[in-house]
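Each remark here refers to the structure printed beneath this line.
We count residues from 1, following the sequence as given. Quantities reported herein were computed from a predicted structural model and do not represent experimental measurements.
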Amino acid sequence: MESFSFDPNTVSVDDLCRLGFSQKQAQSIVNYRAKGGTFHRKSDFAESYVVSDSIFKRLEPYINIPLVDLNVADSAALDALPGIGGWFALKILEHRTALGGYSYKEQLMDIYRFDQEKYDALCDLVTIRQENVKPYPLWTLPADELQKHPYIGNIETARAIVIFRENNPKSLYTIKGLADAGVLSSESSARLDKCFIALPDQ
């Protein structure tokens, strides 16, 4: 009987046997996955009828279920999250494209019908890893691209940003600078201010 780091969503029958499960128990876990079952949390694995309290207590420190990175996850990974399904998975991907990438997890609640309850049910299962964040090029995009951003949203504001850039030094290229100039509303500036924005020279 061994103990080593494992993901219950991918671990093989052989490795489950090494961890202390019988062949039948190990196959039962794999069969559960094959039918679409997913272990989202350690507690999900504990609730499997083949996982005894004693085995779970021994293995709990070694259970490693990777978080879903919102900026690299595909539709299948998102679909598997609790309460998501195909429709919301598509909307999460569409919103990611519109944003140029997620900057913080709460941006999921921008999505229509994605309320606090749905967010609370999965916020501990998702993450945004810094290395996968692409800063939004606010200071270089043309107006027709800027207007696509959900927090800008229209061509008038997008053109105003371009005019601001053309008539101000880069030292004023900040979200606050746009707000002070009346280019952005207080709501839009507050939302953009929490996003990862590329520096003017990037």
Side-chain angles (χ1 to χ4, degrees), residues 1-136 150 194-196:
M1 186 181 300
E2 303 175 45
S3 297
F4 51 84
S5 179
F6 71 100
D7 178 356
N9 292 300
T10 58
V11 65
S12 67
V13 168
D14 288 345
D15 280 345
L16 285 167
C17 291
R18 289 171 57 204
L19 289 165
F21 293 97
S22 69
Q23 182 77 23
K24 185 176 180 180
Q25 290 171 328
Q27 192 62 56
S28 175
I29 291 170
V30 172
N31 289 346
Y32 168 76
R33 296 187 332 225
K35 294 177 181 177
T38 303
F39 301 103
H40 296 294
R41 301 175 175 89
K42 291 183 178 183
S43 58
D44 295 337
F45 190 62
E47 291 170 3
S48 173
Y49 74 93
V50 300
V51 181
S52 67
D53 291 343
S54 60
I55 287 182
F56 179 73
K57 184 176 181 180
R58 176 174 62 84
L59 294 180
E60 183 178 11
Y62 301 97
I63 298 173
N64 179 24
I65 303 175
L67 298 178
V68 174
D69 190 327
L70 292 175
N71 282 323
V72 297
D74 60 15
S75 59
L78 296 169
D79 191 347
L81 290 169
I84 295 303
W87 189 86
F88 275 111
L90 176 62
K91 294 303 176 184
I92 291 170
L93 292 176
E94 288 178 349
H95 195 48
R96 182 170 78 191
T97 298
L99 290 168
Y102 288 98
S103 294
Y104 52 98
K105 294 188 291 185
E106 289 82 1
Q107 286 176 303
L108 290 171
M109 289 188 285
D110 294 341
I111 298 169
Y112 176 62
R113 292 171 55 198
F114 202 115
D115 56 18
Q116 186 72 50
E117 181 179 0
K118 188 174 290 293
Y119 176 79
D120 290 343
L122 58 74
C123 64
D124 63 321
L125 306 178
V126 300
T127 189
I128 294 173
R129 295 186 180 88
Q130 185 69 42
E131 63 268 24
N132 293 324
V133 175
K134 296 180 180 179
Y136 182 71
K194 293 193 290 183
C195 295
F196 289 100

Side-chain donor-acceptor contacts of residues 73-85 below 3.5 Å, not counting sequence neighbours, with atom names and distances?
unit_1, atom_1, unit_2, atom_2, d
Asp74, OD1, Ala76, N, 3.3
Asp74, OD1, Ala77, N, 2.9

Name each donor-acceptor pair under 3.5 Å that joins a side chain in residues 120-127 to protein atoms two or more places apart or in another chain, with its distance.
unit_1, atom_1, unit_2, atom_2, d
Asp120, OD1, Gln116, NE2, 2.8
Asp124, OD1, Arg41, NH2, 2.9
Asp124, OD2, Arg41, NE, 2.9

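Applying the side-chain contact (heavy atoms from CB on, under 4.5 Å) criterion to Val72, with sequence neighbours excluded, gives Asp69, Asn132. Scored by the side-chain hydrogen bond (donor to acceptor under 3.5 Å, both in side chains) test, Tyr49 finds Ser28 as partners (sequence neighbours excluded). Every residue meeting the ring-ring contact (aromatic ring centres under 6.0 Å, His included) condition with Phe114, not counting sequence neighbours, appears here in chain and number order: Phe88. Among residues two or more places apart in sequence or in another chain, the side-chain hydrogen bond (donor to acceptor under 3.5 Å, both in side chains) test is passed with Ser54 by Ser52. Residues satisfying the ring-ring contact (aromatic ring centres under 6.0 Å, His included) test with Tyr32, not counting sequence neighbours, are Phe39. Partners of Gln25 under the side-chain contact (heavy atoms from CB on, under 4.5 Å) rule, at least two apart in sequence or in another chain, are Phe21, Ser22, Val50. Scanning for side-chain hydrogen bond (donor to acceptor under 3.5 Å, both in side chains) contacts around Ser3 gives Arg58, with sequence neighbours left out. In this view, His40 satisfies the ring-ring contact (aromatic ring centres under 6.0 Å, His included) rule with no residue, not counting sequence neighbours.
Under the 3.5 Å distance criterion, the side-chain polar atoms of Ser48 are left unmatched by any main-chain donor or acceptor of Asp44. Side-chain atoms of Lys42 come within 3.5 Å of backbone atoms of Glu60 as a donor-acceptor pair (strictly under, hydrogens ignored).
Separating the CG atom in Leu19 from the OG atom in Ser12 is a distance of 9.0 Å, to the nearest 0.5 Å. In this structure, Lys134 NZ and Ser103 OG are separated by 13.0 Å, a value rounded to the nearest 0.5 Å. Taking CZ of Phe196 as the start and CG of Leu99 as the end, the distance is 12.5 Å to the nearest 0.5 Å. For the atom pair Gln107 CD and Leu70 CG, the distance stands at 9.5 Å (nearest 0.5 Å). Note that CZ of Phe6 is 7.0 Å distant from CG of Leu16, once rounded to the nearest 0.5 Å.
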If you apply the rule side chain to side chain contact (heavy atoms under 4.5 Å, CB included), what do you find for Asp53 with Lys57, and how did you get there? CA-CA 6 Å; Asp53 291 343; Lys57 184 176 181 180; over 6 Å; no

Step-by-step side chain to side chain contact (heavy atoms under 4.5 Å, CB included) determination, Tyr102 to Val133: CA-CA 7 Å; Tyr102 288 98; Val133 175; over 6 Å; no

Side chain to side chain contact (heavy atoms under 4.5 Å, CB included) evaluation trace for Ile63 with Phe56: CA-CA 9 Å; Ile63 298 173; Phe56 179 73; 3.7 Å; yes

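Within a 6.0 Å radius of CD in Glu131, other residues, nucleotides and ligands contribute more than 12 heavy atoms.
Applying the salt bridge (charged side-chain N to carboxylate O under 4.0 Å, His left out) test to pairs two or more places apart or on separate chains, those with a residue in residues 2-23 are Glu2-Arg18, Asp15-Arg18. Pairs passing the salt bridge (charged side-chain N to carboxylate O under 4.0 Å, His left out) check and including a residue from residues 86-110, sequence neighbours excluded, read Lys91-Glu94, Asp110-Arg191.
Here the closest non-hydrogen pair linking Val11 and Arg33 is O-NH1, 2.8 Å. A pairwise comparison of heavy atoms in Pro8 and Ile65 identifies CD-CG1, 3.7 Å as the closest pair.
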